[in-house]
Amino acid sequence: MEIIIQPTPEEATKIAARIIARLLSRKPNAVLGLATGGTPQLLYQELVTMNLNWSQVKTFNIDEYAGLPENHPQSFHSFMRENLFRHIKIPARNVHIPDGNAWDVEKFCETYEKQIRAAHGIDLQVLGIGGNGHIGFNEPMSSLASRTRIKTLTRQTIRDNARFFGSRSNVPRHVITMGIGTIMEARQIILLAFGAKKSEAVASAIEGPIAARHPASALQQHPHVTICLDDAAASKLEFAGYYRETFRNKPAWQR
Ligand code: GLP
């Protein structure tokens, strides 16, 4: 895994945005996996300022709350519309966000997986990480081979996301999420994490054992992962000095 540590979230985000911009210029019909939450907001703002060509890009969001109306201000449909889609020219037919109100959830999840395969897979998956190490909404003890499915949120995730809903009781208990097996099939993954609150989850993901207890640790078995951190999120990494040295000494052609 390539670990990039920058002093601030803005500097780390700029590097991630450049990787995505390079992909879109190389492959105008690229398929992007997208995440939500406070972390990728900066990334989407940066991508919008880059005026990229989204006309042939396809997107698949990693998750959505179950049972929340799509136009609810805290749905991930609303998040993506407000933070990215209303600022770029991407055909609506190319945007895919899990349907949290599907009548037949299992059938929907199968269809979502089929749509990803029909798009020839995800070229680059953007990830954040939850305080308990979840990716998407794959909570601890999720199978590392899981597929798109319904999941129940942990108390910690409900607590962490209550900030968007005014109270814990308003946070949906169930979600639809791509599985870890689904995520791992992306050809490239960029994970972003900022702030001291993520430092434990980041250290477990990068330097801990591969374990379902730490879902993001599955990424250690992926061939092309870039993890973009600020100093605070990297503060518990034992080998932070090595990662910084490696990035500083990257051959020019690799930058
Ligand atoms: C939610 C999302 C995840 C996201 C996590 C962290 O659980 N389902 O995709 O990574 O929150 O969000 P934030 O970036 O706001 O800390």
Side-chain angles (χ1 to χ4, degrees), residues 8-10 12-13 16-17 32-47 59-68 72-80 82-84 96-100 112 122 124-142 146 148-166 168 170-180 182-184 186 189-206 214-219 225-230 232-234:
T8 64
E10 290 74 14
T13 297
L32 294 181
L34 300 177
T36 59
T39 303
Q41 270 183 311
L42 272 178
L43 176 66
Y44 298 144
Q45 287 167 15
E46 185 68 20
L47 290 174
T59 67
F60 287 86
N61 264 76
I62 196 167
D63 51 15
E64 176 58 283
Y65 289 109
L68 207 57
H72 186 286
Q74 295 311 325
S75 75
F76 290 167
H77 279 75
S78 298
F79 176 97
M80 291 308 301
E82 290 310 308
N83 287 280
L84 182 61
H96 306 80
I97 303 177
D99 176 0
Y112 206 65
I122 290 172
L124 189 151
Q125 175 69 53
V126 173
L127 293 177
I129 187 168
N132 62 0
H134 71 239
I135 44 178
F137 269 132
N138 291 284
E139 296 280 42
M141 275 60 84
S142 290
S146 51
T148 301
R149 70 211 181 290
I150 190 165
K151 280 292 283 184
T152 303
L153 294 184
T154 60
R155 285 171 180 251
Q156 178 177 343
T157 299
I158 289 167
R159 195 171 49 244
D160 292 346
N161 286 8
R163 70 186 193 270
F164 299 116
F165 289 87
R168 290 184 202 178
N170 292 339
V171 181
R173 270 27 186 188
H174 296 99
V175 294
I176 306 285
T177 183
M178 281 187 203
I180 296 175
T182 319
I183 293 166
M184 291 294 282
I189 295 173
I190 294 182
L191 185 146
L192 298 142
F194 308 133
K197 278 185 185 168
K198 302 294 177 73
S199 60
E200 287 283 353
V202 163
S204 299
I206 296 171
H214 303 292
S217 64
L219 301 181
V225 175
T226 303
I227 298 183
C228 298
L229 307 170
D230 67 353

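Just so you know, ligand 1 is whichever comes first in the structure, and atom 1 is the first atom listed for that ligand. Note that these values count all heavy atoms, side chains included, but never hydrogens, waters or copies made by symmetry.
Residue His134 places a heavy atom less than 4.0 Å from ligand 1. Residue contacts with ligand 1: Met178 is excluded, as none of its non-hydrogen atoms falls under 4.0 Å. Using 4.0 Å as the threshold, Lys198 has a heavy atom nearer than that to some atom of ligand 1.
For Ser146 (side chain) and Gly179 (main-chain N/O), no donor-acceptor pair under 3.5 Å exists by modelled atom type. Using modelled atom types, one side-chain atom of His72 and one backbone atom of Gln74 make a donor-acceptor pair closer than 3.5 Å. A distance-only check finds a donor-acceptor pair linking the side chain of Ser204 to the backbone of Glu200 [under 3.5 Å]. A donor-acceptor contact shorter than 3.5 Å links the side chain of Asn132 to the backbone of His134.
With a 4.5 Å cut-off on side-chain heavy atoms, Thr148 and Thr177 do not count as touching. For the pair Leu127/Ile183, a side-chain contact is recorded, criterion being any heavy-atom separation below 4.5 Å from C-beta on. The shortest side-chain heavy-atom distance between His96 and Asn61 does not fall under the 4.5 Å cut-off.
Of the protein's non-hydrogen atoms, Asp63 OD2, 2.6 Å is the one closest to atom 8 (N) of ligand 1. Of all protein heavy atoms, the one closest to atom 12 (O) of ligand 1 is Gly37 CA, 4.0 Å. Atom 3 (C) of ligand 1 has Gly136 O, 3.4 Å as its closest protein atom, hydrogens excluded (heavy atom only). Looking only at protein heavy atoms, the nearest one to atom 14 (O) of ligand 1 is Thr39 OG1, 2.6 Å. With hydrogens left out, the protein atom closest to atom 13 (P) of ligand 1 is Gly38 N, 3.6 Å, a heavy atom. Scanning all protein heavy atoms for the shortest distance to atom 6 (C) of ligand 1 gives Ile129 O, 3.6 Å. Nearest protein heavy-atom neighbour of atom 4 (C) of ligand 1: Thr36 O, 3.7 Å.
Listed by number with element, the atoms of ligand 1 under 4.0 angstrom from any heavy atom of Phe137 are 1 (C), 7 (O), 8 (N). For ligand 1, the atoms lying closer than 4.0 Å to a non-hydrogen atom of Gly128 are 10 (O).
Aromatic rings of Tyr65 and Phe79 (six-membered ring for Trp) have centroids beyond the 6.0 Å cut-off, not under it.
Residues Glu139 and Thr154 bring a donor and an acceptor atom of their side chains to less than 3.5 Å of each other.
At a heavy-atom distance under 4.0 Å, no atom of Gln41 approaches ligand 1.
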